[in-house]
S.K.: 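Just passing along the structure, written as structure tokens.
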2 protein chains.
Amino acid sequence: MSTASLPLPAPAAPRRARGRPPKTADERDDGNRRQALLRAAARLFRQQGFAATSTRDIAAAAGMRSGSPFYHFDSKEALLAAVMQEGMQSALRRQTAAMAAAASAQPLSARDCLQVLVRNHYEVLLGPDSDFIPVMLYEWRSLSEAQRSEVNHQKADYEAAWVPVLQALHASGELSGDPGLARLMLFGALNWSVQWYDPARQASLDDLTQTTLQLFLKDPVAPKGARTATRRSEVLE
Amino acid sequence: MSTASLPLPAPAAPRRARGRPPKTADERDDGNRRQALLRAAARLFRQQGFAATSTRDIAAAAGMRSGSPFYHFDSKEALLAAVMQEGMQSALRRQTAAMAAAASAQPLSARDCLQVLVRNHYEVLLGPDSDFIPVMLYEWRSLSEAQRSEVNHQKADYEAAWVPVLQALHASGELSGDPGLARLMLFGALNWSVQWYDPARQASLDDLTQTTLQLFLKDPVAPKGARTATRRSEVLE
DNA sequence: CCTACCGATCGGTAGG
DNA sequence: CCTACCGATCGGTAGG
């Protein structure tokens with residue numbers, strides 16, 4: 001059933017707020033402060049952990065006074081949940097976009113798919129604005145049971161794109177071992193990178209992606225009758 | 001130089017404490033309470049995180065009053081550092097013993113060595129009394145700079161046993177990619193298991209070990225002139 | 001979103 | 001190792 005026939009209020013065009021104090025009211029100030037809180041919280045939660053970060057720290061980092069975060073969020077815990085949900089939403093959006101973009105350029109093998117997924121995951125973990133997902137990964141415990149389940153759904157959506165790819169690679173012999181366990185270990189290897197990766201010293205995310213695939217994937221089994229000696233790029237090492 | 005000639009006090013035989021209150025004074029009570037604190041702290045730090053655990057929680061779990069932990073440790077932070085150092089000491093001891101035991105039974109290939117190391121690491125992460133190392137892995141941030149360096153030395157000792165093994169496997173073609181990055185990713189895959197492993201539902205640690213090796217290692221390249229078809233245990237999958 | 005504030009909890013200590 | 005306690009900080013709120 002369409003909702004078009006329901007007596008909806010006029011689509012809330014951003015009209016000038018009436019009861020607002022005449023402060024410096026930017027036109028695009030609406031969700032601006034909330035966003036500033038989320039970004040500050042993500043950064044501090046990642047650096048110091050949830051429990052070690054005070055709402056006062058977050059307020060100060062967003063240029064507010066101590067009580068103001070509670071105008072935007074019901075509790076410190078709700079702020080954490082929002083960081084995680086915002087992060088997962090963005091990560092899933094980027095993953096979908098990356099897959100679509102790569103697939104539109106050329107047909108993708110399972111190996112190609114995994115490369116896109118891994119590369120995007122590194123971007124989400126280590127690239128710009130990459131505080132949200134590490135917080136989700138490492139501050140899990142601090143979430144209430146109820147909030148955890150929504151984040152779990154988002155995680156399931158995110159991982160759903162990986163499952164058929166890993167299964168195909170297992171079927172072709174390029175990935176050994178149970179695909180479910182393989183997925184957990186692959187995510188372990190990737191997610192652990194937030195503990196050691198240093199963009200100043202280490203390889204680029206492209207290089208990381210290459211090494212990861214090299215490490216986890218076997219050479220494709222040559223179809224019967226084909227030459228056995230496939231490209232072996234390690235002769236120089 | 002031997003210390004035998006120094007005027008040492010008589011070797012402190014456990015004599016009855018004189019000024020002690022006549023409580024329930026077990027004979028072997030000496031380091032007992034300290035150990036109880038360490039174990040309680042390890043468990044709570046793992047479950048709730050360092051910052052979310054109060055010294056009162058720890059004291060209660062060890063059957064003490066709120067101020068008593070500070071008789072054994074200078075600060076909450078020192079207690080955390082002791083948990084990590086105790087954990088690393090034990091892990092390193094077990095790793096050395098596992099390698100020695102396996103090597104005494106038969107000569108070990110690099111592959112065998114990795115199996116022993118991985119199996120022992122799973123034991124340290126997921127086996128009985130396995131709270132200490134996860135705390136070290138995931139509460140790193142809460143340590144002061146000074147304490148961090150000692151734990152780092154212990155970590156370096158622990159990882160030192162892995163380096164030549166991974167290099168040998170890389171040299172033989174059984175491990176692809178830079179061995180340094182491979183080590184980081186392997187540890188990532190292993191260390192991440194504390195986030196998902198459930199002994200009730202999941203495979204045994206032996207099975208985990210098998211899958212891990214299968215996932216990370218290529219089939220050994222047959223020496224020139226040998227039959228190409230080596231054991232392939234996956235024909236049934 | 002700020003001001004002013006509250007009750008609770010926390011790490012740590014003195015003194016025995 | 002306990003009792004009793006302190007100063008500091010914390011999450012959160014009322015009222016504007």
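Because the structure is a prediction, the values reported are computed rather than measured. Reminder, nothing fancy here: chain letters follow the sequence lines and each chain counts from 1.
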S.K.: Could you measure the distance from the OG atom of Ser142(A) to the CD atom of Gln48(B)? Nearest 0.5 Å is fine.
M.R.: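 The distance works out to 10.0 Å.
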S.K.: Please state how far atom CD1 in Ile58(A) lies from atom C1' in dG12(D), giving the value in whole angstrom units.
M.R.: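 Checked: the CD1 to C1' distance equals 13 Å.
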S.K.: Rounded to the nearest Å, what distance is computed from the CG atom of residue Asp74(A) to the C1' atom of nucleotide dT13(D)?
M.R.: 12 Å
S.K.: Consider the side chain of Met64(B), meaning its heavy atoms from C-beta on, and name the nucleotide among dC1(C), dA4(D), dC1(D) that approaches it most closely.
M.R.: dC1(D)
S.K.: In this structure, how many angstroms lie between the C1' atom of dC1(D) and the CZ atom of Arg65(B), rounded?
M.R.: 11 Å
S.K.: Mapping Tyr71(A) and Ser66(A) to their closest nucleotides on DNA chain D, which lands nearer the 5' end?
M.R.: Ser66(A)
S.K.: Looking only at the aromatic ring of each residue, does the gap between the centers of Tyr138(A) and Trp192(B) stay below 6.0 angstrom?
M.R.: yes
S.K.: Using the ring centroid of each side chain, check whether Tyr158(B) and His153(B) are separated by less than 6.0 Å.
M.R.: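 Tyr158(B) vs His153(B): aromatic centres not under 6.0 Å.
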S.K.: I'd like to know whether the aromatic ring centres of Phe187(B) and Trp196(A) sit less than 6.0 Å apart in this structure.
M.R.: no
S.K.: Closest approach to the side chain of Ser75(A), judged atom by atom: which nucleotide of dG11(D), dG12(D), dC1(D) is it?
M.R.: dG12(D)
S.K.: Under 4.0 Å: is that the gap between some side-chain N or O of Arg56(B) and OP1 or OP2 of dT9(C)?
M.R.: no
S.K.: Any ion pair linking Glu77(A) and Arg141(A) (charged N to carboxylate O, less than 4.0 Å)?
M.R.: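 Looking at Arg141(A) and Glu77(A), the cut-off is not met.
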S.K.: How many whole angstroms separate atom CZ of Phe70(B) from atom C1' of dG12(C)?
M.R.: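 Going from CZ in Phe70(B) over to C1' in dG12(C) covers 5 Å.
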S.K.: Is any side-chain nitrogen or oxygen of Ser54(B) closer than 4.0 Å to OP1 or OP2 of dT9(C)?
M.R.: no
S.K.: What's the closest nucleotide to the side chain of His72(A) if the choices are dC1(C), dA4(D), dT3(C)?
M.R.: dC1(C)
S.K.: Could you report the tightest heavy-atom contact between Ala42(B) and Val83(B), atom names first, then the distance?
M.R.: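 Closest heavy-atom pair between Ala42(B) and Val83(B): CB-CG1, 3.9 Å.
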S.K.: Tell me which one of Arg39(A), Arg43(A), Arg46(A) satisfies side-chain hydrogen bond (donor to acceptor under 3.5 Å, both in side chains) with Asp131(A).
M.R.: Arg46(A)
S.K.: Using whole Å, what does the distance between atom C1' of nucleotide dG11(D) and atom CG of Leu44(A) come to?
M.R.: 16 Å
S.K.: Given that both pair distances must be under 3.5 Å and the pair must be Watson-Crick or G-U, what runs of three or more consecutive pairs involve DNA chain C?
M.R.: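 Stems (3+ consecutive pairs) listed as C:1-16 with D:1-16.
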S.K.: To the nearest Å, give me how far apart CD (Gln48(A)) and C1' (dC10(D)) are.
M.R.: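 Checked: the CD to C1' distance equals 14 Å.
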S.K.: Calculate the interatomic distance between Lys76(B) atom NZ and dG11(C) atom P; express it in whole Å.
M.R.: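 The distance from NZ of Lys76(B) to P of dG11(C) comes to 4 Å, rounded to the nearest Å.
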S.K.: Nearest whole Å is fine: how far is dT9(D) C1' from Asp57(A) CG?
M.R.: 11 Å
